[in-house]
Amino acid sequence: MPTLDNAYARLSDFEAMEGELKATRQYLHAHPELSFEEAETARYVAEKLEGWGYDVTRNVGGHGVVARLSAGKGGKGIAIRADMDALPIVEETGLAYASGTPGKMHACGHDGHTTVLLGAAEYLARTRRFNGTVTLIFQPAEEAGKNSGAQAMIADGLFERFSFDAIFGLHNHPGAPEGTILLRSGPMMAASDTVEITIKGKGGHASRPHLTIDPVVVACNLVVSLQTIISRNLDPTQTAVITVGTIHAGDAVNVIPEYAKLALSVRSFEPGIRDLLQERITKLARAVAEGHNASIEIDYDRGNPVVVNSPAETDFARIVAAELIGEDKVATCPLIPGSEDFSHFLEHKPGSFLRLGNGMNSAILHSPKYDFADASLTVGAAMWARLAERYLQDDA
């Protein structure tokens, strides 16, 4: 009988692939495509997968690619997702493989996410040491925000057309050592909601404010009042953020304007708190406006929900990561106030979203100086391959 270490993918299995993985990642980095524009990236991915023997379905939810491979007679299935899109940023890395398209850049590491899943795909197709079906999801438009690629793929029948029992994904993590893996059971990344508030007052001359209803005064009062929601309506052990990102009112110093507009970013980690924030923001905004005899319109747009990792799948991934790289390189991920549309998948299937260390000195995500750490490619690819093999082992 083979030992546990020899029975499943190891880091050493990917050492010979390191050059190929780097070349793939740097090619993708040099050819970025924005959300909903990933036609060439999808073609590149699909052709590789078809060449390795996968059953490939293109154009799922836009440019999404779904690839499936079965081995043995097992009926169990696992899905692993990578995102493919880039950002509208002018790159400033100065790298030899920097973006060849001005104003477009892989500044969030999706080139790396796609590469590690392709690396695992090639290994799994070559070795086929699993019993069941692997479903690989290459998703477009993660960066789109509202109506993102995850939602588009779900609407296009992802879960009805392709069966699997659990789904996993990852994102690189600047500030954690290269090649480390971070996990967290339960809530990990925040829900992200946007609120646009329009206050209608009564405009007039700046020298006669008593004849007006000043929407600027209402807006200023509302900004201050909104800060009390976190400090006075939430349990101090809970975490949430309300940020007023923009305020627009008036065009002239001697005119009290008719309207003032505010835009808010709201982040939360629990569905109940998300509901509470919407209720309190709405009620407080209406009350402040009414107190100043102004009228108000509120457009509350719910974006990505909370990323909530299933305990069983997260514990399983933690065990696999420790087997692969050692417990000293596996850590608990802190709560992350950023959002991620992988959360939509987790509303349909159990699963877990991991973080892959990108280096202590890595530029932050969405920076024009950011680059995915090639030193983490083999760990990411080996993690996905071993996870699939372990999940679909013969006695599963």
Side-chain angles (χ1 to χ4, degrees), residues 4 8 76-83 109 113 116-117 120 135 137 139 142 150 159 164-177 179-192 234-241 267-276 303-358 365 376 379-380 382-393 396:
L4 179 66
Y8 305 111
K76 198 173 181 182
I78 183 175
I80 306 173
R81 170 270 210 174
D83 40 16
H113 304 165
V116 298
L117 190 52
T135 300
I137 300 168
Q139 181 204 307
E142 188 278 329
F159 293 104
F164 48 85
D165 299 291
I167 186 166
F168 295 85
L170 67 71
H171 202 290
N172 71 93
H173 194 94
T180 57
I181 294 175
L182 294 80
L183 307 96
R184 187 183 188 91
S185 183
M188 187 181 83
M189 296 182 69
S192 176
L234 259 62
D235 184 318
T237 63
Q238 299 288 351
T239 300
V241 177
R267 308 281 173 140
S268 57
F269 291 93
E270 299 283 352
I273 291 177
R274 190 184 196 188
D275 293 339
L276 174 65
N304 292 328
V306 183
V307 172
V308 182
N309 289 328
S310 309
E313 283 69 26
T314 304
D315 290 344
F316 172 72
R318 188 183 299 275
I319 291 169
V320 174
E323 291 172 357
L324 180 70
I325 59 177
E327 296 212 14
D328 60 321
K329 295 182 179 179
V330 180
T332 298
C333 187
L335 286 172
I336 299 171
S339 69
E340 162 66 55
D341 77 345
F342 188 81
S343 55
H344 292 284
F345 297 137
L346 291 173
E347 291 189 323
H348 292 261
K349 291 284 184 179
S352 192
F353 194 65
L354 323 178
R355 304 285 288 197
L356 178 65
N358 203 61
L365 300 173
S376 292
V379 172
M383 177 64 188
W384 283 152
R386 191 180 184 100
L387 188 82
E389 290 174 335
R390 289 276 277 110
Y391 192 85
L392 302 176
Q393 58 189 327

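Positions are given from 1 along the sequence. Because the structure is predicted, anything quoted here is derived from the model rather than measured.
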[atom1] of [X] to [atom2] of [Y]: how many Å apart, nearest 0.5 Å?
X    : Y    : atom1 : atom2 : result
F168 : W384 : CZ    : CH2   : 7.5 Å
I336 : M188 : CD1   : CE    : 5.0 Å
I273 : T239 : CD1   : OG1   : 8.0 Å
I319 : R386 : CD1   : CZ    : 11.5 Å
D165 : I78  : CG    : CD1   : 9.5 Å
Q139 : D83  : CD    : CG    : 6.0 Å

Self-check item: Heavy atoms from other residues, nucleotides or ligands near NZ of K349 exceed 12 (cutoff 6.0 Å)
Solution: yes
Quiz item: Within a radius of less than 6.0 Å around CD of E347, do more than 12 heavy atoms belonging to other residues, nucleotides or ligands occur?
Solution: yes
Practice problem: Identify the residue among V307, L356, L365 that makes a side chain to side chain contact (heavy atoms under 4.5 Å, CB included) with H171. | Solution: L365
Practice problem: Please name all residues satisfying salt bridge (Lys or Arg N to Asp or Glu O under 4.0 Å) with R318, sequence neighbours left out, ordered by chain then number. | Solution: none
Exercise. Check salt bridge (Lys or Arg N to Asp or Glu O under 4.0 Å) between E340 and all other residues, then give those that pass, not counting sequence neighbours.
Key: R81
Can you see which heavy atom on [X] is nearest to which on [Y], and at what distance?
X    : Y    : answer
H113 : V116 : O-CG2, 3.3 Å
V330 : A322 : CG2-N, 3.8 Å
H173 : C333 : CE1-SG, 4.3 Å
L387 : A317 : CD1-CA, 3.9 Å
I137 : A79  : CD1-CB, 4.1 Å
S376 : G179 : OG-N, 3.0 Å

Within the side chain of [X], is there an N or O that forms a donor-acceptor pair under 3.5 Å with the backbone of [Y]?
X    : Y    : result
S310 : G351 : yes
S352 : E313 : no
R267 : A190 : no
N309 : R184 : yes
D341 : A150 : yes

Quiz item: Who are the side chain to side chain donor-acceptor pair (under 3.5 Å) partners of D315, not counting sequence neighbours?
Solution: none
Self-check item: Check: V320 and M383 side chains under 4.5 Å, non-hydrogen atoms
Solution: yes
Exercise. Report yes if the side chains of E270 and P187 come closer than 4.5 Å at any heavy-atom pair, otherwise no.
Key: yes
Practice problem: Would you tell me whether Q393 and Y8 have side-chain atoms, one donor and one acceptor, within less than 3.5 Å of each other? | Solution: yes
Quiz item: Is the NZ or CZ atom of K76 positioned over Y391's six-membered ring, under 6.0 angstrom from the centre and within 45° of the axis?
Solution: yes
